[in-house]
Each structure stands twice: as C-alpha cells, then as structure tokens.
Amino acid sequence: MIKLLIVDDEPIERDGMQAILQHAYHEFDIKQAKNGKMAIELTESWKPDWIFMDIKMPGMTGLEAIEQIQHNNRDIQFVMVTAFDTFDYARQAIKLGVKDYLLKPSKASEIVAIVGKLLAQQQQKEQVSATQNQQQADFQKALAIVETDVVTQLLFDHVHDVHIELLVDMLEIPATDEKFVMTIIVPEGFEVLYPRLKECIRSTENAWIGALYGHQLPIIVFRDKKKSFRSQAISLVKAILTISTSQQPGWFIGVGPVCTSLEDIRNSYQKSLIATMDLSLPSRYRFSSDVPILEKAGDAAFVKKQEKKLFDFIRLGQWDAIDQLVMDLIRRFEHEGANILWTQQRILEFLWITARIMGEVGIDASISYYTFQAKDHRQLYSETRQVVERLKHVYMEHYDRLEVDKIHQLKQYIMEHSHQDLSLDALAQRVELSPIYLSKMFKEKLGINYIDFLTSCRIDKAKKLLGDPQKSLKEISFEIGYHEPNYFSKVFKKMNDVSPKEYRKTLLHGKEETTR
C-alpha cells in the first residue's frame, strides 16, 4: 500500500485532492498536514512514500520543508503543488529532486495522471531493483564456484595466469603476501555441516574455502600481521572445532607452514595433510612443524624434497617413479645405518600419503600396508614393493573402469552449456568422478585446464555476438555466462590483447570494407 501525505495550508485543497485520489486509487493510505512543520513531524513518525507539497505556505515554505525532510528520508518522492508557475520555484524543486508539479487549482484528471506516472516509475524501479538483486545473487553464486575451483586448482593443478590474476581480483577476500593451508578432516556423516563450516571460517578469518572432497576440506588462510602465525591458526582451529558437536571423534585439523606465493601454496597444503596423519591426538589439531622430523638436517631436507616429488608422481599416475622413489628412500636410510623399525615407520608415512592423495581423487585405497614388522632391509624392500603394487592395482583398476569417451562427452557438454555456471563439482557429478581426478584427466587428455577450455568457449561465443551492433557489451557478458561485465572485458583483453569495444570496431569496420 502506498502511503501518501498531502501538505497544504488550505483545508479545501487537501480534502479535494484526497477525495479525488481515494476515488481513483482505493489502495492508497492518505494523511494530511496543514504546514511544513507538521509535515516534518508526521514524516518522521509515519514514513510516507510520496508527499504532495504546497510550496507557498505561511511560516516554513514547502521547499524548506522538503529540504529538511530529505536529510533523513532520501527515498521519498515529492510532487510540488503551487499556484505560481515560476521558473525560480521549478529550478529549486529540480535541485531538491522533486519528481513533478501540479498547478492549483488542479483538475481531477491532472492529479490522477500525475499519480499514474509516479506508479509507473515506481513499478519500473522495482523491476530494475529485482533484476539487480537477481544478478547480484547470480554473481555471488558464481563467486562461490570460482572460489572453490581456484582453491582446487591451486592445490592440485596449475591455473592459467589469466585466471589466477583475474579471479583473485574477483574474490572479495584480499590475498595477502603470506598465507598458509589448513586441512580439516570431517568425519563421515558430517558433510551436512559444510555450510556451517564455511560460515564459521568466513566470519573468523580472511580465507579462500575449497570444496569438501573425501572428508577433507582445504582452506587457504591469509596471514593477519597483527597476530602471530600460531595464535591466528589456533584461534581459527578453535572456532572450527566448535562446529563438531559433542566432541565427535574423527574431527582433526592439520596446519601447514606459511608461504609467500600462490605458486608455493601446494607445499603448505602437502604439509597440512601430513600433519593430519595421527588423528588420535587429544588436541585434535597439529602444526606441520610439530610433526617429528629426522635428526639430521640434511636428511630432513632430502625427505621434504622426496615428499614433494611423491605428490606430483601420484597426481600424474607415474607408478614406476613412485616405486623408484620409495626404494631409493629405503636404500638411503639403510646406507646411513638407520634403525629398521624407524625406517619402516618413515616409509609407512610415504605410503600413507600415497593412499590419502588417492582418496582425494575418489579412489578407495584403504588396504593393509605391512602384514608384519620387517626384521631386515631385504624384507622391507620386498614388503614395500608389494604394498606399492597393491596401491597401483587399485589405482589402475579405477582408471580402467572409466569410459574412454567421458572427457570428450564433457568437452561437448561444456561447449553447449558454457553460458551456465559450470563448476568442477557439477561436471564431476555428471560423469561420476571426483573433481580433482576430472581436472587431472581433462588436462591429460586435452592438454588444457577445464577452466581455460570453458573460458575459450565463452570468448569464442562473445566474438560472434560482438558482430551484432544491436547487442550491448553488458548483454553479451550475461549471454555468454559472465555475471560481471567488467570481468568479461578483462578476460577478453587478456586473451585477445584488445578490449571487446576495440575488437567490435575492427570487426564492424571489416564488414563495411567487405560490403563496399
């Protein structure tokens, strides 16, 4: 219901206008004020939508009343009512944002027409507002997809420069120079708490939140220089663990070391994963720096290097390299005279890492590792090789079950639906693969990241649409799947070295030359 206030010092004018409006528009709620001061007081208590204000009144003028009312009520629509059709009044009214004016005495048809005009403007404003709200909602949804995809690809794949720069700009969470990864282990059956975890993390720290894969939720946390690294991490850990009601067993958080570049973020993730190896710790969290290391600094550096290699070998499915790496580790420890029990424990950690990463890509590798405690290095070599073979068998069996044409099906699907919000998660569900595994396969089979391929499809469509001079850049942006026209322009220029406007000029000029 529209609330309308009629302000005039003449009762007959007020009553006449109210009678006309109530006859024409039954849904209006109308009140009257006999002077500017009363109008100001009534506005504060009643909050009208529209005010029909007589300009020439004793004491405070209508224009003075409008100016005071507007201080706290910017959304009210004003119509000036005056018996004096003068330029000075009109000029002041325009400055104050008055929408229209009526000359007294006003005909009923004129009053009804003014109100009809205001109603049409309000309806148009509401439609624009609804469209903008929907676009904003779509944009926020797209941002959530972008965020999880960026985290996934930073930790498990390589993101093309065009995306890492623009997507970082697009996310409303600032990326600081220093950051670290935390891996949250979520017990089976508690995946429904993912939205609450996201909300908790978002309200506590600046962080990019990944997707929940294989009961593991990785997050990239940006350093708060006002706090120490450990105090910042522990504060976030405690906030997250409040989500785990009744001290539910299985919750655990691994905290990786601080790194200074997005390219180096994988190392922090790998360390956070290693920190989750022992889920029985009473604190339910552990820093990677607290994981026991080798006594010799040289050995520690060597093992760190081998761990990094292991992650890449598993990601690429290079099982001969994995076998060679693990065997070389045993030889090194044997050469250094390390205790056989200690050596087996260290090798077990590497095998555990292998199984954990396989689990992330949807491969169940929950097999028994060592059937007995090795008495000497010969037995350890033999038993370890059998474990690696079992893990390889599980991996290859999973790989062989995949249809050869799945990636090509996805390629066709992306080309046909590139205008939609396509996430790794949604595509992976379509072919019943894990998002991480799908990303790996897509790149191996087609030689390009899925997000680069999606972007290429969108930009190709944009180039065709730019040939239509009737379509605005904003329309094209939405039509190809971008909810933010500025972002579309940046991506287009990154990929083509010219802006969409410049490309359109060249394209249309070329068509003109052809038709001559």
Side-chain angles (χ1 to χ4, degrees), residues 136-156 171-173 180-222 233-256 269 272-273 275-286 355-366 398 420-439 450:
Q136 184 62 26
D138 291 342
F139 183 54
Q140 291 302 320
K141 180 181 176 183
L143 277 183
I145 293 172
V146 166
E147 183 176 352
T148 55
D149 282 359
V150 166
V151 172
T152 298
Q153 294 199 47
L154 279 173
L155 301 184
F156 304 103
L171 295 171
E172 295 176 350
I173 298 164
F180 60 95
V181 176
M182 294 173 63
T183 298
I184 306 167
I185 306 299
V186 180
E188 188 171 357
F190 282 80
E191 298 86 352
V192 292
L193 295 179
Y194 178 61
R196 283 184 60 193
L197 281 170
K198 285 190 68 172
E199 185 180 346
C200 172
I201 295 165
R202 184 75 75 232
S203 64
T204 306
E205 292 288 349
N206 281 339
W208 293 348
I209 303 165
L212 183 60
Y213 302 137
H215 308 301
Q216 299 171 40
L217 173 62
I219 61 174
I220 299 174
V221 185
F222 295 97
I234 290 172
S235 175
L236 180 54
V237 163
K238 288 180 178 178
I240 293 169
L241 290 177
T242 58
I243 304 296
S244 58
T245 54
S246 306
Q247 301 293 303
Q248 174 70 26
W251 289 84
F252 200 89
I253 301 173
V255 184
Y269 165 68
S272 75
L273 198 61
T276 66
M277 187 179 298
D278 185 1
L279 304 183
S280 65
L281 293 176
S283 63
R284 294 197 291 165
Y285 71 91
R286 182 162 62 168
R356 175 61 67 87
I357 297 171
M358 289 170 63
E360 286 173 351
V361 298
I363 305 173
D364 183 10
S366 55
H398 176 86
Q420 300 175 358
D421 291 329
L422 296 180
S423 67
L424 266 177
D425 224 10
L427 292 172
Q429 289 178 18
R430 186 170 183 83
V431 291
E432 299 179 337
L433 294 174
S434 82
I436 301 166
Y437 196 77
L438 171 62
S439 178
Y450 104 95

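Numbering of residues begins at 1 and proceeds along the displayed sequence. Just so we're clear, the structure is a prediction, and the values are computed from it rather than from any experiment.
Using a 4.5 Å heavy-atom threshold, the side chains of Thr183 and Leu217 count as separate. Under the 4.5 Å side-chain criterion, counting only non-hydrogen atoms from C-beta, Ile184 is in contact with Ile240. Using a 4.5 Å heavy-atom cutoff, the side chains of Val186 and Gln216 are not in contact. The side-chain heavy atoms of Phe222 and Trp208, taken from C-beta on, include a pair separated by under 4.5 Å. Arg284 is listed as a side-chain neighbour of Leu241, based on a closest heavy-atom distance under 4.5 Å. Looking at Ile209 and Val151, their side chains never come closer than 4.5 Å, going by heavy atoms from C-beta outward.
Between the CG atom in Leu197 and the CZ atom in Phe190 there is a gap of 11.0 Å [rounded to 0.5 Å]. With values rounded to the nearest 0.5 angstrom, Asn206 atom CG is found 11.0 Å from Leu236 atom CG. The CD1 atom of Ile219 sits 10.0 Å away from atom CZ of Arg202, with the distance rounded to the nearest 0.5 Å. Here CD1 of Ile243 is found 8.0 Å from CD of Glu199. Values are rounded to the nearest 0.5 Å. In this structure, the separation between NZ on Lys238 and OG on Ser235 is 8.0 Å, given to the nearest 0.5 Å.
Every residue two or more places apart in sequence or in another chain was checked for a ring pair (Phe, Tyr, Trp, His ring centres under 6.0 Å) with Tyr285, and none qualifies.
For Gln420, the CD atom is densely surrounded, since the number of other residues' heavy atoms within 6.0 Å is greater than 12.
Residues Cys200 and Ala239 share a closest heavy-atom pair of SG-O, 3.3 Å. In this structure, Ala275 and Phe252 approach most closely via the heavy-atom pair O-CE2, 3.4 Å.
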task: Go through Val255 and Ser272 one step at a time and tell me if the side chain to side chain contact (heavy atoms under 4.5 Å, CB included) criterion holds.
output: CA-CA 5 Å; Val255 184; Ser272 75; 5.9 Å; no
